[in-house]
Amino acid sequence: MAALSAWFWNERFWLPQNVTWADLADTESGEQYPQAGHILCALPVALGIFAVRLLFERFIAKPCAIRVGIQSSGPRRAQPNAILEKVFVSITKCPDGKRLEGLSKQLDWDARKIQRWFRHRRNQDKPSTLTKFCESMWRFTFYLYIFCYGIRFLWSTTWFWDTRQCWYNYPYQPLTSGLYYYYIKELAFYWSLMFSQFTDIKRKDFLIMFIHHLATVGLISFSYVNNMVRVGTLVMCLHDASDFLLEAAKLTNYAKFQRLCDSFFMFFALVFVTTRLIIFPLWILNTTMFESWDLIGPYPSWWLFNGLLLVLQILHIVWSYLILRIAYKALVRGKVGTGKYQPLSVLKDDRSDVESSSEEEDTTLNGTKAIHNNGANRVNGHATSSSQWAEE
């Protein structure tokens with residue numbers, strides 16, 4: 001274990017030339033530097049944040065949801081049926097025409113009744129709008145708080161106004177209490193998101209988001225350990241700038257304030273694209289790749305840190321494309337559809353059918369047989385969706 005620890009914490013990887021871990025130990029004068037053990041403090045704080053979230057959703061978010069007219073009742077439950085339940089759990093949640101025909105003969109049920117049963121059964125596993133509202137209200141509250149906290153903290157720092165200050169006298173930059181608390185709060189929140197993913201609304205991209213949260217925790221921890229905390233605070237604050245706007249759009253969408261929802265989403269898209277595609281490369285990448293090169297020079301962990309930021313920039317481009325595509329679809333539908341204003345909620349959610357409305361219409365695939373009692377009639381099906389853009 002000692003050999004493994006020595007290999008992992010190799011000074012030649014983590015630190016610039018001629019700098020050792022001993023140089024970054026706490027001094028007798030009271031100066032402190034980031035230590036790897038500090039990040040463990042985020043774990044109990046994450047559990048605390050998760051507990052606060054449960055209380056917040058129950059005693060604050062839920063009453064607010066009911067006050068704006070969101071019903072607390074869940075989706076309609078399917079009639080108990082052992083045969084259909086076995087098919088649903090073990091074989092398929094969306095039977096095709098051939099299987100519908102077999103089940104219709106076996107149960108002596110009309111095919112549409114069987115389709116309706118499967119729809120109700122699928123809806124049982126879907127979260128109610130109330131649940132989604134409470135989740136989004138918690139995220140909106142925390143994102144808004146942490147963004148305001150970050151702006152308030154960074155406003156009085158020198159590196160917020162001159163990014164070269166991130167590298168002067170690096171890595172001998174003492175850790176202030178403000179820096180420490182900012183990092184621990186951000187790190188703890190993302191740890192709590194990893195915990196809560198197993199209790200939150202289940203989405204198709206569960207694994208992708210889990211990896212995203214894990215990568216975020218890793219990047220925050222990495223920048224803390226090698227004392228890149230100054231530029232780290234800039235990265236965190238910049239990413240927090242748009243998150244609360246998306247949650248605000250979701251909240252107004254669930255509450256059916258559609259005009260307000262669309263306004264929030266358009267503002268979110270504007271802020272997201274501006275911060276991620278313009279400010280991030282011109283402000284963050286410029287200082288981490290070029291200003292730091294001039295002032296401290298490259299070393300192994302410097303290459304890794306900038307490599308991770310470049311990967312993040314690629315993700316920014318992909319996400320911006322998806323967001324702009326949603327906005328474009330809404331504008332096109334409003335222009336060439338009926339000639340009238342079309343809200344963003346008409347857009348299909350390409351990702352999360354698990355979050356589609358609990359009152360979706362009966363649907364069948366085109367060309368699928370609709371089996372009636374006489375077994376003779378056929379109809380062409382159609383697919384409709386009342387999914388909401390916000391979850392995309």
Side-chain angles (χ1 to χ4, degrees), residues 1-46 150 153-188 190-191 214-238 283-312:
M1 291 301 296
L4 181 62
S5 177
W7 170 81
F8 183 81
W9 296 109
N10 190 305
E11 294 167 343
R12 297 285 59 82
F13 170 79
W14 288 94
L15 302 174
Q17 194 71 23
N18 300 322
V19 179
T20 66
W21 292 117
D23 297 332
L24 299 178
D26 296 344
T27 64
E28 295 180 356
S29 61
E31 287 186 343
Q32 290 186 324
Y33 297 98
Q35 306 294 329
H38 292 172
I39 60 179
L40 296 178
C41 298
L43 291 176
V45 177
F153 167 73
L154 289 171
W155 198 264
S156 60
T157 63
T158 56
W159 61 88
F160 184 71
W161 307 102
D162 179 11
T163 53
R164 295 178 69 87
Q165 294 289 336
C166 294
W167 313 108
Y168 288 144
N169 200 35
Y170 176 85
Y172 304 107
Q173 297 170 340
L175 178 68
T176 64
S177 59
L179 272 171
Y180 174 77
Y181 291 132
Y182 191 15
Y183 253 79
I184 291 299
K185 288 176 183 178
E186 287 274 10
L187 188 58
Y190 281 101
W191 272 117
L214 188 63
T216 303
V217 167
L219 190 57
I220 293 175
S221 302
F222 178 83
S223 64
Y224 186 86
V225 168
N226 66 357
N227 203 17
M228 290 185 176
V229 290
R230 291 187 176 184
V231 71
T233 56
L234 300 180
V235 174
M236 292 189 299
C237 187
L238 189 66
W283 194 41
I284 301 297
L285 293 181
N286 177 65
T287 189
T288 60
M289 297 182 67
F290 301 110
E291 293 179 349
S292 64
W293 181 290
D294 293 337
L295 294 173
I296 63 174
Y299 55 97
S301 66
W302 180 94
W303 288 104
L304 178 59
F305 183 69
N306 279 285
L308 293 174
L309 292 180
L310 287 174
V311 171
L312 191 59

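At least one side-chain heavy atom of Pro171 sits less than 4.5 Å from a side-chain heavy atom of Pro16. Side chains of Leu285 and Phe290 form no contact here, defined as non-hydrogen atoms less than 4.5 Å apart. Between Phe305 and Met289 there is no side-chain heavy-atom pair separated by less than 4.5 Å. Contact annotation: the side chain of Leu304 approaches that of Phe222 to within less than 4.5 Å [non-hydrogen atoms, C-beta and beyond]. Counting heavy atoms from C-beta on, the side chains of Tyr170 and Asn226 come closer than 4.5 Å. With a 4.5 Å cut-off on side-chain heavy atoms, Thr158 and Asp162 do not count as touching. Inter-residue side-chain proximity for Tyr182 and Val229 is flagged as unmet; no heavy-atom pair is nearer than 4.5 Å. Side-chain contact between Tyr183 and Met236 is present, with heavy atoms from C-beta onward closer than 4.5 Å.
Separating the CD atom in Glu11 from the CG atom in Leu24 is a distance of 9.0 Å, to the nearest 0.5 Å. Distance CZ/Arg164 to CG/Leu295: 4.5 Å, rounded to 0.5 Å. Atoms CG and CG, from Asn306 and Leu312 in turn, are 12.0 Å apart once rounded to the nearest 0.5 Å. Ile184 contributes atom CD1, which lies 9.0 Å from atom CG of Leu40 (distance to the nearest 0.5 angstrom). Distance check, rounded to the nearest 0.5 Å: OH of Tyr224 to CG of Leu179 gives 8.5 Å. Rounded to the nearest 0.5 angstrom, Glu31 CD and Gln173 CD are separated by 11.5 Å.
Scanning both residues, Thr287 and Thr163, for their nearest heavy atoms gives OG1-O, 3.3 Å. The nearest pair of heavy atoms linking Ala25 to Gln35 is CA-NE2, 4.2 Å. When every heavy atom of Cys237 is checked against every heavy atom of Leu154, the shortest pair comes out as CB-CD1, 3.6 Å. What you find for Cys166 and Val231 is that their closest heavy atoms are SG-N, 3.8 Å. What you find for Ala188 and Ala46 is that their closest heavy atoms are O-CB, 3.2 Å. Annotation for Asp23 and Tyr33: closest pair O-CE1, 4.3 Å, computed over non-hydrogen atoms.
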Residue pair Trp9, Val225: steps toward the side chain to side chain contact (heavy atoms under 4.5 Å, CB included) verdict: CA-CA 10 Å; Trp9 296 109; Val225 168; 3.3 Å; yes
Trace of the side chain to side chain contact (heavy atoms under 4.5 Å, CB included) decision for Tyr299 with Leu15: CA-CA 7 Å; Tyr299 55 97; Leu15 302 174; 5.6 Å; no
Criterion side chain to side chain contact (heavy atoms under 4.5 Å, CB included) on Thr288 and Met228, from CA distance to verdict: CA-CA 10 Å; Thr288 60; Met228 290 185 176; over 6 Å; no
Side chain to side chain contact (heavy atoms under 4.5 Å, CB included) assessment of Val45 paired with Lys185: CA-CA 8 Å; Val45 177; Lys185 288 176 183 178; 5.9 Å; no
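Between Trp14 and Trp302, the ring centre distance reaches or exceeds 6.0 Å. Taking the ring centroids of Phe13 and Trp303, they lie at or beyond the 6.0 Å cut-off.
Ring geometry, Trp283 versus Phe160: the interplanar angle exceeds 60°, so the pair is classed perpendicular (tilted spans 30 to 60°).
Checked by atom type and distance alone, the side chain of Ser5 never pairs as donor or acceptor with a backbone atom of Met1 at under 3.5 Å.
The local environment of OH in Tyr172 is crowded, with over 12 non-hydrogen atoms from other residues, nucleotides or ligands closer than 6.0 Å. By the 6.0 Å contact criterion, CH2 on Trp161 is enclosed, its count of non-hydrogen atoms from other residues, nucleotides or ligands being greater than 12.
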